[in-house]
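In this text, all values refer to a predicted model and were calculated from it rather than measured experimentally.
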2 protein chains.
Amino acid sequence: MEKYDLDTTRKFNPLGMQNFVIHDSEFFKIINFNITAGRIFPVHSHDLDGQVSILVIEGEGAFLGDNETAIPAKVGDILVSDIREPHGVRADTDMRILVTIAPPI
Amino acid sequence: MEKYDLDTTRKFNPLGMQNFVIHDSEFFKIINFNITAGRIFPVHSHDLDGQVSILVIEGEGAFLGDNETAIPAKVGDILVSDIREPHGVRADTDMRILVTIAPPI
């Protein structure tokens with residue numbers, strides 16, 4: 001077992017987004033993205049089987065989908081999306097998310 | 001895509017542990033456990049391939065392993081363990097954890 005401290009990756013880049021791969025194995029990939037207020041993690045998708053969970057651990061904004069979908073997102077909200085379904089995030093404040101992708105891509 | 005609000009599962013049972021399955025698919029299972037202060041999520045393991053991540057979203061305590069291993073655990077700490085490796089949690093305060101299991105068991 002291995003412990004990671006997400007306090008150590010609390011870094012923001014005024015120009016956009018910082019990302020830190022917390023864990024990567026054959027079973028899942030866990031990434032911390034820190035998105036500066038006003039920035040967007042662009043809506044994207046991959047033509048692969050699998051799902052992604054996106055947990056807000058700091059700040060607020062919206063989960064984005066296709067057709068201008070924007071679902072309010074605050075600390076404690078978690079989105080689950082198929083990898084092949086368009087998904088993204090908009091940061092209204094400095095915002096931190098923990099993303100888990102299974103299987104890893 | 002589907003959003004879940006972990007504020008809605010913030011319930012504690014004075015006698016032990018509450019658990020809420022947030023999501024269950026062929027790719028991963030996500031469960032919120034709320035452990036009352038002083039209680040333990042017993043050390044256990046399964047003889048299966050896969051890994052589990054345990055993120056502390058409220059409170060503090062310790063991640064437990066075999067041989068009396070106890071690793072301090074606070075909000076923002078995340079443990080990754082093989083499913084077949086003994087793992088558990090001790091709650092020193094009321095404590096909430098988000099557990100992701102891939103593949104789901």
Side-chain angles (χ1 to χ4, degrees), chain A residues 1-10 20 22-32 43 45 48-58 62-66 69-89 96 98-105, chain B residues 1-10 20 22-32 43 45 48-58 62-66 69-89 96 98-105:
Chain A
M1 51 176 61
E2 194 158 4
K3 184 182 98 166
Y4 311 89
D5 179 351
L6 295 176
D7 287 349
T8 65
T9 59
R10 195 187 178 287
F20 300 90
I22 304 298
H23 179 79
D24 194 3
S25 71
E26 64 184 299
F27 302 109
F28 50 26
K29 188 171 190 172
I30 303 173
I31 312 171
N32 167 216
V43 175
S45 63
L48 294 168
D49 289 332
Q51 288 186 319
V52 56
S53 69
I54 305 174
L55 173 70
V56 180
I57 60 171
E58 181 175 324
F63 298 121
L64 305 179
D66 54 7
T69 301
I71 303 167
K74 60 167 179 50
V75 174
D77 284 346
I78 181 167
L79 186 86
V80 178
S81 171
D82 288 347
I83 291 173
R84 64 176 87 250
E85 190 179 9
H87 54 281
V89 177
R96 301 186 69 199
L98 191 70
V99 173
T100 301
I101 306 161
I105 61 172
Chain B
M1 52 177 59
E2 195 157 4
K3 186 183 97 166
Y4 311 90
D5 179 353
L6 295 176
D7 288 349
T8 65
T9 59
R10 195 187 176 287
F20 300 90
I22 304 297
H23 178 78
D24 194 4
S25 71
E26 63 184 302
F27 302 108
F28 49 26
K29 188 172 189 172
I30 303 174
I31 312 171
N32 167 217
V43 175
S45 63
L48 294 169
D49 289 331
Q51 289 187 317
V52 56
S53 68
I54 305 173
L55 172 70
V56 181
I57 59 171
E58 181 176 323
F63 298 120
L64 306 178
D66 54 6
T69 300
I71 303 167
K74 59 165 181 50
V75 174
D77 284 346
I78 181 167
L79 187 86
V80 177
S81 171
D82 288 346
I83 292 173
R84 63 176 88 252
E85 190 179 10
H87 53 280
V89 176
R96 302 187 68 200
L98 191 70
V99 172
T100 302
I101 306 161
I105 61 170

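Heavy atoms closer than 4.5 Å to chain A are found in the side chain of B/Phe63, but not in its backbone. Contacts of A/Val52 with chain B are made by backbone atoms alone, with heavy-atom separations under 4.5 Å and no side-chain atom involved. Interface remark: B/Asp82 contributes no atoms to any contact with chain A (heavy atom separation under 4.5 Å). At a 4.5 Å heavy-atom cutoff, the contact between A/Ile30 and chain B is made by side-chain atoms alone. With a 4.5 Å cut-off on non-hydrogen atoms, B/Leu98 touches chain A through its side chain but not through its backbone. At a 4.5 Å heavy-atom cutoff, A/Asn32 makes no contact with chain B through either its backbone or its side chain. Within the 4.5 angstrom heavy-atom criterion, no atom of B/Thr8 approaches chain A.
Most heavy-atom pairs under 4.5 Å with chain B: of the set A/Leu6, A/Asp5, A/Val80, this distinction falls to A/Val80. Taking chain B as the reference chain and counting heavy-atom pairs below 4.5 Å, the highest number among A/Glu58, A/His87, A/Arg10, A/Lys74 is found for A/Lys74. Your options are A/Asp77, A/Ile71, A/Leu55, and the one with the most heavy-atom pairs under 4.5 Å with chain B is A/Asp77. The candidate from B/Glu2, B/Arg96, B/Glu85 with the greatest count of non-hydrogen atom pairs under 4.5 Å with chain A is B/Glu2.
Taken to the nearest 0.5 Å, the CD1 atom of A/Ile22 stands 4.5 Å off from the OG1 atom of A/Thr9. Atoms CG and NZ, from B/Asp24 and B/Lys29 in turn, are 4.5 Å apart once rounded to the nearest 0.5 Å. One finds the OG atom of B/Ser53 at 13.0 Å from the CZ atom of A/Phe27 (value rounded to the nearest 0.5 Å).
For the 3.5 Å distance criterion, the side chains of B/His23 and A/Gln51 qualify, holding a donor opposite an acceptor.
Nearest heavy atoms, A/Arg84 versus A/Asp49: NH2-OD1, 2.6 Å. Considering all non-hydrogen atoms of both residues, B/Ala102 and A/Ala102 come closest at CB-CB, 4.2 Å. Heavy atoms only, all atoms of each residue included: B/Gly65 and B/Val43 are closest at O-CG2, 3.9 Å.
The side-chain hydrogen bond (donor to acceptor under 3.5 Å, both in side chains) test applied to B/Glu26 returns no partner, not counting sequence neighbours.
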